[in-house]
Amino acid sequence: MKVVEGKLLASGQRIGIVAARFNDFIVSHLISGAEDTFVRHGGNSDDLTLAFVPGAFEIPLMAQKMAESGKFDAVVCLGAVIRGATPHFDMVANESAKGIATASLKTGVPVTNGILTTDSIEQAVERAGTKAGNKGADAMITAIEMVNLSKSL
């Protein structure tokens with residue numbers, strides 16, 4: 001049996017990052033985690049392009065535009081949607097996830113989902129670099145691996 005796996009080497013990769021400005025106190029840590037991970041895996045920070053959008057709902061459109069541009073090997077999506085007292089959370093969380101998946105499938109470019117969807121600010125803080133790791137770093141690891149896997153097929 002032939003097994004194909006993606007390597008975790010970012011050297012030569014060009015990655016777009018789409019990040020929401022909303023909840024920046026959390027998202028800024030996700031961005032730092034993604035950049036640190038890219039560099040630690042052999043990438044050059046000059047090969048990262050960061051685009052800010054107003055919130056998580058706007059991420060899929062910019063992710064798709066970046067993926068369609070031909071300038072990026074992958075796109076990493078970062079944001080934080082924290083549950084409030086209204087059903088707005090569910091709509092934003094669901095539609096941003098659906099849009100990210102659609103952008104990846106439509107373009108054939110790996111588009112990874114690093115949008116936190118949490119019930120509280122405390123849970124978001126835990127996932128942005130403390131107790132539960134950094135989900136921005138995780139989304140970047142996935143992007144690096146998927147780029148290498150795609151190239152090996």
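Numbers for residues simply follow the sequence, beginning at 1.
- A donor-acceptor pair under 3.5 Å is absent between the side-chain atoms of Ser32 and the main chain of His29, judged by distance alone.
- In this view, Asp119 and Arg83 satisfy the salt bridge (Lys or Arg N to Asp or Glu O under 4.0 Å) rule, not counting sequence neighbours.
- Of the residues listed (Ile15, Leu78, Val39), the one engaging Met140 in a side-chain contact (heavy atoms from CB on, under 4.5 Å) is Ile15, and it is the only one.
- In this structure, Val53 is not a member of the same hydrophobic cluster as Leu61, with clusters built from ILVMFWY side-chain heavy atoms closer than 4.5 Å.
- Hydrophobic clustering of Ile, Leu, Val, Met, Phe, Trp and Tyr side chains at less than 4.5 Å, counting indirect connections, unites Val4 with Met146.
- Just one residue in the list Leu9, Leu8, Thr112 forms a side-chain contact (heavy atoms from CB on, under 4.5 Å) with Glu145, and that residue is Leu8.
- A donor and an acceptor atom, one from each side chain of Gln13 and Asn148, are located under 3.5 Å apart.
- Taking hydrophobic clusters as Ile, Leu, Val, Met, Phe, Trp and Tyr residues chained together by side-chain heavy-atom distances below 4.5 Å, Ile17 shares a cluster with Ile144.
- Counting heavy atoms from C-beta on, the side chains of Val81 and Leu116 never come closer than 4.5 Å.
- Rounding to the nearest 0.5 angstrom, the gap separating the NZ atom in Lys7 from the OG atom in Ser152 is 8.0 Å.
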Practice item. Let me see the working for Arg21 and Asp24 under salt bridge (Lys or Arg N to Asp or Glu O under 4.0 Å), right down to the final yes or no. Key: CA-CA 5 Å; Arg21 281 193 304 269; Asp24 180 62; over 6 Å; no
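- In plain terms, the two heavy atoms of Val76 and Ala139 that are nearest each other are CG1-CB, 3.8 Å.
- Within the model, atoms CE of Met66 and CE of Met62 stand 8.0 Å from one another, a figure rounded to the nearest 0.5 Å.
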**Study point:** Verdict with reasoning, Lys98 to Glu95, per salt bridge (Lys or Arg N to Asp or Glu O under 4.0 Å)
**Key:** CA-CA 5 Å; Lys98 189 184 318 178; Glu95 294 304 316; 3.3 Å; yes
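- No donor-acceptor pair under 3.5 Å is formed between the side chain of Asp73 and the backbone N or O of Val147.
- Legend: residues meeting side-chain contact (heavy atoms from CB on, under 4.5 Å) with Asn23, ordered by chain and number and at least two apart, are Phe25, Ala80, Ile82.
- Between Ala56 and Pro60 the shortest heavy-atom distance is O-CD, 3.6 Å.
- Ile59 places none of its side-chain heavy atoms less than 4.5 Å from the side chain of Ser96.
- Taking the side chain as every heavy atom from C-beta outward, Gln64 and Lys106 approach each other to under 4.5 Å.
- Using a distance-only test at 3.5 Å, with no hydrogens or angles considered, no donor-acceptor pair links the side chain of Asp47 to the main chain of Gly43.
- Atom NE2 of His88 and atom CE of Met91 lie 4.5 Å apart (nearest 0.5 Å).
- Remark: Asp36 CG to His41 NE2 distance equals 9.5 Å, nearest 0.5 Å.
- Nearest heavy atom pair, residue Phe52 against residue Ile31, reads CE2-CD1, 3.8 Å.
- The distance from the OG1 atom of Thr117 to the CD atom of Gln123 is 9.5 Å, given to the nearest 0.5 Å.
- When atom types are taken as modelled, the side chain of Ser104 and the backbone of Ala101 share no donor-acceptor pair closer than 3.5 angstrom.
- Between the side chain of Asn134 and the backbone N or O of Arg127, no donor-acceptor pair lies under 3.5 Å.
- Note that OG1 of Thr49 and CZ of Arg14 are 9.0 Å apart. Values are rounded to the nearest 0.5 Å.
- Considering all non-hydrogen atoms of both residues, Val111 and Ala67 come closest at CG2-CB, 4.4 Å.
- Smallest separation of non-hydrogen atoms from Gly84 and Phe89: N-CB, 4.4 Å.
- The backbone N or O of Asp138 lies less than 3.5 Å from a partner atom in the side chain of Thr142, making a donor-acceptor pair.
- The shortest non-hydrogen separation linking Asn113 to Ile115 is OD1-N, 2.9 Å.
- A chain of hydrophobic side-chain contacts below 4.5 Å, direct or via other Ile, Leu, Val, Met, Phe, Trp or Tyr residues, connects Val27 to Phe38.
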